[in-house]
Each structure stands twice: as structure tokens, then as C-alpha cells.
2 protein chains.
Amino acid sequence: MPDALNPAQLRTYFALMEAVSLLQYAVRQQLQADGGLSYVQFEILAKLADADHPLTMTDLADGVVYSRSGLTHQAGLLEKEGLITRAPSPDDQRATVVEITEKGRTRVAEVLPGHVEVVRALLFDSLDADEVRALGDMMENARDHMRSRPPRSAAPRKRRAGAGA
Amino acid sequence: MPDALNPAQLRTYFALMEAVSLLQYAVRQQLQADGGLSYVQFEILAKLADADHPLTMTDLADGVVYSRSGLTHQAGLLEKEGLITRAPSPDDQRATVVEITEKGRTRVAEVLPGHVEVVRALLFDSLDADEVRALGDMMENARDHMRSRPPRSAAPRKRRAGAGA
DNA sequence: TATTGTTATACTCTATAACTATA
DNA sequence: TATAGTTATAGAGTATAACAATA
């Protein structure tokens with residue numbers, strides 16, 4: 001098991017992290033400016049708009065956020081703005097059923113064109129069709145690989161908490 | 001100018017964002033667990049460890065963080081832990097010269113193996129050498145493209161601030 | 001007992017604006 | 001006047017732990 005990255009891997013890692021950071025930053029700016037939405041809020045709304053049936057909080061949590069309380073917080077903000085509704089599920093009284101409102105759909109529609117434009121201008125302007133396909137294949141593989149390999153493996157190595165001194 | 005993304009682009013965009021989000025999450029976990037460092041702090045230390053001459057705050061700000069005060073804050077934390085030193089520059093009395101300490105280098109050395117291992121296991125396990133090269137080329141192009149194209153273009157479209165209703 | 005979800009709380013990161021000091 | 005950096009402050013996002021209610 002090789003304990004280091006070769007130069008090509010290092011170069012790729014840094015370029016990937018930096019490029020995506022720049023993209024994320026631009027996307028967050030756009031969503032905030034055009035619709036007052038954080039990226040997570042946009043993800044929640046987009047997921048709800050895409051689904052043909054209402055989703056539970058657990059459904060939404062999958063892949064969107066890493067803690068339940070974080071999702072509850074974000075959902076609370078979206079509900080306060082009238083972009084989603086929350087109601088107890090008829091099937092399972094423990095579950096909460098989340099639906100997007102018309103106002104929520106409108107907000108997504110307001111934000112989407114600018115979003116698409118940013119992604120196109122920043123990411124896809126410099127990639128041809130073949131590259132887009134290759135990149136998509138690689139990232140789907142990587143994503144599936146990471147999903148199936150929970151990071152808990154590398155968790156408890158050394159603890160370090162307060163000011164070191 | 002096409003106002004939408006084609007299906008291949010959409011698929012690639014989402015896969016890229018999700019894969020990198022998972023990677024970032026795992027990397028942050030590892031850095032925190034192994035060295036009590038945020039990713040930005042690790043970037044600062046790595047940049048200093050890599051440079052053969054001391055850097056100014058402005059040097060560090062390039063590409064690491066998006067506001068000066070944020071960098072000042074992070075540098076303050078690192079200094080408090082004894083991982084870096086800050087001193088007025090002899091050349092330009094306005095500037096601050098930042099140097100990594102031995103303790104800082106040690107911390108980087110402690111964190112690096114686990115970091116590399118996470119990146120290798122999560123990202124490069126599913127990519128062969130050709131893919132690594134292709135991904136690196138694409139991401140370097142995209143990064144340079146984004147750097148040269150400041151996102152301010154899409155900034156002022158619509159304002160939306162407080163609670164909507 | 002396990003699961004769903006919320007609440008309370010605390011902490012980190014980031015950004016804005018005001019300010020000092022030097023070029 | 002422009003630049004380098006800090007400070008104070010405020011806000012958003014996220015996580016942990018305790019809790020309530022249902023399966």
C-alpha cells in the first residue's frame with residue numbers, strides 16, 4: 001500500500017480542490033444574490049421540486065447535509081419564508097413530510113437561470129463535449145466509491161482539542 | 001449563447017459537486033482529528049512549509065481565503081498555537097512577514113500521512129493513471145479560467161435580504 | 001429498544017466596516 | 001491617495017447532546 005501520492009496525483013488533487021472551491025464560491029454568491037439562498041437551501045428546494053412525491057426529513061438528509069439538526073435548522077428557515085411546508089406524515093407518525101410550495105417553485109425558477117449561467121461560464125466554457133463526459137464518468141465513479149466507503153475508517157487516530165500552548 | 005445546460009453537463013456538474021463535497025468533508029474530518037486543523041489552516045501551513053522564503057499576509061491571502069480579516073483570524077489562531085510567527089517586514093513596514101515554526105512543520109508532518117491516505121483511498125482508488133492526468137489537465141484549465149474571470153460579473157441582479165414574508 | 005425529528009446550545013468560519021499605519 | 005493589516009462585530013452554518021414521540 002503506497003503511502004504517498006505521486007506528482008501527477010498531487011497536482012490533480014490541488015487543481016481539483018482549488019477549481020471546485022472557486023466554483024462553489026461563485027455559485028454561493030449567485031444563489032445568495034439572486035434568491036437569498038444558501039447552497040444547502042437550494043439543494044433542498046431543488047430536490048423537492050424534482051420529486052413527484054413529498055419527501056421526509058430523512059429522505060432529504062441523504063446526501064444533502066451531515067447532521068439531522070442542521071437539516072431541521074435549514075428547513076425551519078425555508079418554512080419561515082414560505083418556500084416549503086412541513087406536516088406530520090400520515091403513514092408514520094414519527095416522520096415529517098416536506099413539500100415545496102408554489103412560492104418555493106417560483107424562487108427556484110428565479111434562481112436557476114443565473115445558477116446555470118455561472119456554472120456554464122465558469123466550468124463548461126473550458127471543457128469540450130468529450131471532456132464533459134469523461135469528467136462526469138470519473139466523478140460519478142468517485143462519488144459512488146466514496147458513498148460506499150464511509151470515512152469512519154480514518155476517524156480515531158489522535159485527539160487534539162484545545163489550545164496547544 | 002445557450003441559456004441552459006445539456007443533460008451531460010448537468011450530470012457532470014452534480015457528480016462533481018457531490019464527489020468533491022464528500023472528499024472535502026472527509027479531509028476536514030481527518031485534519032481535525034489528526035492535527036486539530038481546519039482545511040484553511042492546513043493550507044496556510046502547507047504553503048509556508050513549501051515556500052523557501054517567508055510570505056506576507058497578502059501572499060497567503062492569494063488563493064487561500066476570500067477576506068483579509070478571515071486570514072488574520074486564522075493566522076492569529078495558528079500563532080497562538082505556536083505554529084507560525086508574525087513579524088513586521090523589514091522591507092515594507094506596512095507588511096507582515098509570516099514564518100512557519102518547527103512546531104508548525106512538525107504538525108504538518110503529523111497530519112500529512114493521514115491526509116494523503118484519505119485522498120488516495122477516496123479519490124485515487126477509483127482512477128487510473130490516464131484518468132488522473134486527464135482530470136488534472138481539466139481542473140487546471142478550469143481553475144485558470146475561473147481565476148481570470150472574476151465572478152463579479154453576475155453579482156448585482158436582484159437583492160433579497162431579510163425574511164421574505 | 002430503535003428510529004424520526006426537534007430543541008438548546010455552543011463553536012467555527014466568514015464577511016463588513018471602521019481604523020491605524022506606512023508607501 | 002492607495003495599500004497592508006488588524007480589530008470589533010455580527011451573522012450564517014454546523015455539530016453534539018438531550019429530549020419527545022412513535023414504531
Side-chain angles (χ1 to χ4, degrees), chain A residues 21 24-29 31-33 35-44 54-62 64-81 84-98 151-152 155 159-163, chain B residues 21 24-29 31-33 35-44 54-62 64-81 84-98 151-152 155 159-163:
Chain A
S21 289
Q24 287 173 330
Y25 185 79
V27 158
R28 279 191 225 109
Q29 292 262 92
L31 290 174
Q32 191 60 48
L37 298 175
S38 69
Y39 186 73
V40 170
Q41 289 167 359
F42 173 72
E43 275 186 297
I44 294 173
L55 302 178
T56 67
M57 294 295 281
T58 297
D59 292 335
L60 282 174
D62 288 346
V64 162
V65 105
Y66 297 95
S67 75
R68 288 180 187 284
S69 63
L71 178 59
T72 296
H73 177 64
Q74 293 298 332
L77 295 177
L78 290 174
E79 190 179 40
K80 202 175 302 176
E81 275 211 74
I84 65 169
T85 61
R86 280 185 292 181
S89 165
D91 303 338
D92 183 338
Q93 288 292 338
R94 296 172 303 179
T96 295
V97 156
V98 186
R152 291 118 204 172
R159 274 281 47 192
R160 195 185 298 267
Chain B
S21 290
Q24 288 173 330
Y25 185 79
V27 159
R28 278 191 226 109
Q29 291 263 91
L31 290 175
Q32 190 62 46
L37 297 175
S38 69
Y39 186 74
V40 170
Q41 290 168 358
F42 173 72
E43 275 186 297
I44 294 173
L55 301 178
T56 66
M57 293 295 281
T58 298
D59 293 335
L60 282 174
D62 290 345
V64 162
V65 106
Y66 296 95
S67 74
R68 288 180 186 286
S69 63
L71 178 58
T72 296
H73 177 64
Q74 294 298 333
L77 295 177
L78 291 174
E79 191 179 38
K80 201 175 302 174
E81 274 210 76
I84 64 169
T85 60
R86 279 186 293 181
S89 165
D91 303 337
D92 184 337
Q93 287 294 337
R94 296 172 302 180
T96 295
V97 157
V98 185
R152 289 117 204 171
R159 275 278 48 190
R160 193 185 302 263

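Lettering of chains follows the sequences in order, A, B, ..., and the numbering in each one begins at 1.
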Could you list the residues that satisfy side chain to side chain contact (heavy atoms under 4.5 Å, CB included) with A:T85, not counting sequence neighbours? A:E99, A:T101
To the nearest angstrom, the CD1-C1' distance between A:I44 and C:dG5 comes to 14 Å
Across nucleotides 10-23 of chain C, 5' to 3', mark each nucleotide with B, S or - according to how protein heavy atoms within less than 4.0 Å reach it. ---SBBB-----BS
Under the ring pair (Phe, Tyr, Trp, His ring centres under 6.0 Å) test, which residues partner A:F42, sequence neighbours left out? A:H115
Output the rounded distance in Å from CG (A:L55) to C1' (C:dG5). 16 Å
Side chain to side chain contact (heavy atoms under 4.5 Å, CB included) involving B:A95 - partner list, sequence neighbours excluded: B:T56, B:S89, B:D92
What integer distance in Å separates A:L78:CG from D:dA12:P? 13 Å
Nearest whole angstrom, please: distance from the C1' of D:dA4 to the CG of B:D62. 13 Å
Heavy atoms only: give me the nearest B:A75-B:I84 pair and the separation to one decimal. O-CD1, 3.5 Å
Nearest-Å distance for atom pair CG/C1', residues A:L60 and C:dT6: 15 Å
Whole-Å gap separating P (D:dG13) and CD (A:Q24): 14 Å
Could you tell me which residues satisfy side chain to side chain contact (heavy atoms under 4.5 Å, CB included) with A:Q74, sequence neighbours excluded, listed by chain and number? A:S38, A:V40, A:Q41, A:I44, A:L77
Once side chain to side chain contact (heavy atoms under 4.5 Å, CB included) is applied, do any residues pair with B:A61, and if so which ones, sequence neighbours excluded? B:L71
Please work out if A:T56 contacts a base, only the sugar-phosphate, or nothing of the nucleic acid, heavy-atom cut-off 4.0 Å. sugar-phosphate
Look at A:R86 and C:dT6 and indicate whether a side-chain polar atom (N or O) is within less than 4.0 Å of OP1 or OP2. yes
